[in-house]
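One structure is given here, and the rest of the page talks about it.
Counting starts at 1 for both ligands and their atoms, following the listed order.
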Amino acid sequence: MLPMYRGWQRYVFITALTFLLIYFMLLYRQGTIAPNDITLSPSKFDHATTKERNHPIDHLIKEARLSFKQLLGKHSTNLEQAAQRYRERRGRHPPPGFDQWFKAAKKKNAIVIEEFFDRIDHDISPFWAIDAQDLRVQAHAQPQVIRVRKGKVSFETDDDKRPPWIQLWTALVKEMMPHLPDLDMVVNVMDETRLLVPWEKINGYVAKERTMRKLIDPDVAISEYSGLAGVDNWKKTFEPKWIQSSSNKYWDHLRAACPPDSPARDITSLDSFNGPIEYPEGHMPYMYKGFVQNFTASQDACLQPHLRGMHGTFIESVSMSTLHDLLPMFGGSKLPQNNEILIPGAMYLTSDEFYSGGNSHGSSWASKKNALIWRGAASGGRNKADNWWHFHRHRFVQMMNGTTVKAVEAGDESRGPSFKMLPPEMYSILDRQKGKLGEWLNTFSDVGFNILECFPRVPSGKGYQKTCEYTDPFMEVQKKMPMKKQYSYKYLPDVDGNSFSGRWRGFLRSTSMPLKATIYTEWHDDRIFPWIHFVPFDSSYMDIYGIMDYFLDGHDEEAEWIAEEGRRWAEAVYRREDMMLYVWRLLLEYARVTDDNRERLAFVEDLR
Ligand SMILES: *[C@@H]1O[C@H](CO)[C@@H](O)[C@H](O)[C@H]1NC(C)=O
Ligand SMILES: *[C@@H]1O[C@H](CO)[C@@H](O)[C@H](O)[C@H]1NC(C)=O
């Protein structure tokens with residue numbers, strides 16, 4: 001290549017190349033955290049006295065930093081340590097292939113902390129109560145499945161016209177080859193989550209699994225998976241009893257999966273949504289002085305009966321196909337009560353900028369607008385003239401609209417049917433006390449739909465109308481804004497859509513501060529920490545004003561710190577490699593639980 005260039009051209013070329021190389025090296029260094037260098041950036045929280053900082057959010061950040069630091073100390077640097085931590089935490093030996101997995105993790109500079117994999121244990125454990133052969137039959141016969149045979153991966157689907165989720169997941173599994181045993185991996189290709197086994201039944205499965213958990217004598221351990229030879233000639237079929245109904249009311253299925261003593265268990269779904277919303281009274285038990293302290297609990301609808309009328313999932317989903325039996329099915333998100341096995345959402349695996357935000361992660365904090373931005377579709381379910389104000393996204397758009405809030409503050413509640421104004425003493429926000437919340441919102445909040453997704457849809461030209469007659473008096477369509485443009489705002493809130501929100505990874509990796517409210521759990525929940533890597537808020541959204549009041553009123557530095565800490569951490573534990581490694585470990589665990597020899601399959605080489 002070089003001979004093409006002569007004299008000064010060659011000189012310029014080499015200089016440019018050198019600079020480019022240095023630039024990329026710097027970029028790489030800045031963006032990653034080496035596993036032997038995992039630290040938390042210092043912040044003034046570490047040396048401030050409580051007197052100077054006595055806002056509840058100061059307390060929550062401080063507390064989160066403390067427990068996060070403790071966790072960082074637990075990372076495994078060698079195979080023996082990793083296997084030992086596995087045994088201590090799981091009460092079993094790791095599955096065969098654990099050594100290859102750990103080697104790959106080391107090679108990819110992954111931070112291995114056993115706690116990051118708690119979700120795998122949680123999702124897989126009920127399946128120990130089902131006969132392994134039954135699980136293989138069930139998985140083999142489903143229409144959407146990724147198959148691993150003799151180190152080769154392929155997929156089957158009965159619907160090629162869907163978004164390419166199964167293709168994206170298949171590509172990820174390919175990266176683990178040739179280290180996986182034969183398996184059939186059934187995937188959920190719907191937006192909505194599927195399996196809801198009633199509490200009594202699942203509790204019985206989990207209890208049974210506990211009795212099976214033991215550290216077997218290494219002498220009886222075996223390391224070869226049985227494989228699926230012969231399975232492909234099976235004539236056995238299995239038809240799950242999917243429940244579909246036109247009303248798509250998910251609440252009653254959910255509450256049967258709630259513990260008998262939980263607040264939601266005996267609260268039935270609403271007969272009609274054509275009435276005012278029920279708003280939670282007072283702060284929720286998982287809050288600290290009005291702000292989310294236990295993010296896991298805040299995701300749990302069993303603790304929040306009001307959500308039956310405040311989240312699209314429970315109002316009317318776009319489609320519903322649910323099952324009250326256990327079925328080995330993988331999916332990108334679920335309610336805490338759903339029984340799918342979690343893998344990273346396919347949107348996190350695409351390079352489509354709509355979800356990934358592209359390669360740019362935003363400019364410096366100082367150059368950003370001191371404002372909050374949200375754009376999206378009115379998804380979340382099938383919104384209609386007689387129920388739209390019960391949908392969560394509609395509520396978020398109304399609550400962040402200064403004009404709407406101003407009207408409600410002035411006493412016209414009919415202008416904001418999707419929310420209620422909380423008494424001023426619940427959050428001490430000066431503008432609220434002065435009746436100027438709406439005006440204050442107008443100074444920083446830019447939240448709006450880019451399509452209203454009405455039902456029934458109204459044809460217009462070659463497509464459909466973007467707005468709906470029934471919401472026209474309350475909201476209007478805003479122009480779309482690509483994710484990278486949104487990165488020029490300091491604050492990026494994220495709320496659920498039909499299920500989880502596929503833009504979350506992009507937000508975490510950005511230089512802006514992400515905020516999150518959700519009732520959906522995801523694969524990453526054990527490795528991304530509220531109040532350190534993002535700011536959590538409640539799915540009622542009652543705390544959003546208090547949160548923004550804190551950050552905008554003298555705590556810009558804290559916001560910048562969370563934005564930066566989240567970005568650095570996502571570059572360390574939320575890379576494509578990390579998603580691959582998570583699924584690899586999960587699939588070893590899955591191959592074991594579906595194997596007739598599951599109680600003897602174990603990695604014990606380090607003990608010999
Ligand atoms: C948070 O809530 C979850 C779910 O309700 C619970 O299991 C967990 O123990 C809680 N964590 C703390 C630290 O209280
Ligand atoms: C904000 O509310 C006003 C009044 O309710 C409405 O006219 C306007 O369209 C809303 N803005 C957006 C972005 O939805």
Exercise for the section: Would you please test D538 and Y286 for side-chain hydrogen bond (donor to acceptor under 3.5 Å, both in side chains) and show each step? Expected result: CA-CA 10 Å; D538 192 55; Y286 47 77; 2.7 Å; yes

Completion exercise
Checking K368, K369, K490 against S512 for side-chain hydrogen bond (donor to acceptor under 3.5 Å, both in side chains), the one that qualifies is K368

Exercise for the section: For atom 10 (C) of ligand 1, grab the closest protein heavy atom and report residue, atom and distance to one decimal in Å. Expected result: N294 ND2, 2.4 Å

Fill in the blank from the handout: heavy-atom search around atom 7 (O) of ligand 2 in the protein gives P473 O, 4.4 Å

Fill in the blank from the handout: Ranked by distance from atom 4 (C) of ligand 2, the top protein heavy atom is R415 NH2, 3.5 Å

Problem - Parallel, tilted or perpendicular: ring planes of F529 versus F116, cut at 30 and 60 degrees - result: tilted

Fill in the blank from the handout: Taking only non-hydrogen atoms of M475 and a 4.0 Å limit, the atoms of ligand 2 in range are 9 (O), 14 (O)

Exercise for the section: Can you pull out the closest protein heavy atom to atom 8 (C) of ligand 2? Residue, atom name and distance to 0.1 Å, please. Expected result: N401 ND2, 3.8 Å

Problem - Geometric N/O contact T404 with ligand 2, under 3.5 angstrom - result: yes

Practice task
Please work out whether the ring planes of F500 and Y348 are parallel, tilted or perpendicular, with thresholds of 30° and 60°.
Solution key: perpendicular

Practice task
Can you figure out which of H394, R375, E476 has its heavy atom closest to atom 14 (O) of ligand 2?
Solution key: E476

Fill in the blank from the handout: The closest protein heavy-atom partner of atom 6 (C) of ligand 2 is F474 O, 3.7 Å

Practice task
Look at the aromatic rings of H524 and Y574 and report parallel, tilted or perpendicular, splitting at 30° and 60°.
Solution key: tilted

Practice task
With heavy atoms of Q478 as the reference, note each atom of ligand 2 found under 4.0 Å away.
Solution key: 13 (C)

Exercise for the section: Classify the angle between the aromatic ring planes of H55 and Y550 as parallel (below 30°), tilted (30 to 60°) or perpendicular (above 60°). Expected result: tilted

Fill in the blank from the handout: closest protein heavy atom to atom 5 (O) of ligand 1 is A297 CB, 3.8 Å

Exercise for the section: Quick one: sort the W504 and F507 rings into parallel, tilted or perpendicular, breaks at 30° and 60°. Expected result: perpendicular

Problem - Protein non-hydrogen atom found under 4.0 Å from atom 2 (O) of ligand 1 - result: yes

Practice task
Determine the interplanar angle of the F537 and F396 rings, folded into 0 to 90°, and report it as parallel if under 30°, tilted if 30 to 60°, perpendicular if over 60°.
Solution key: tilted

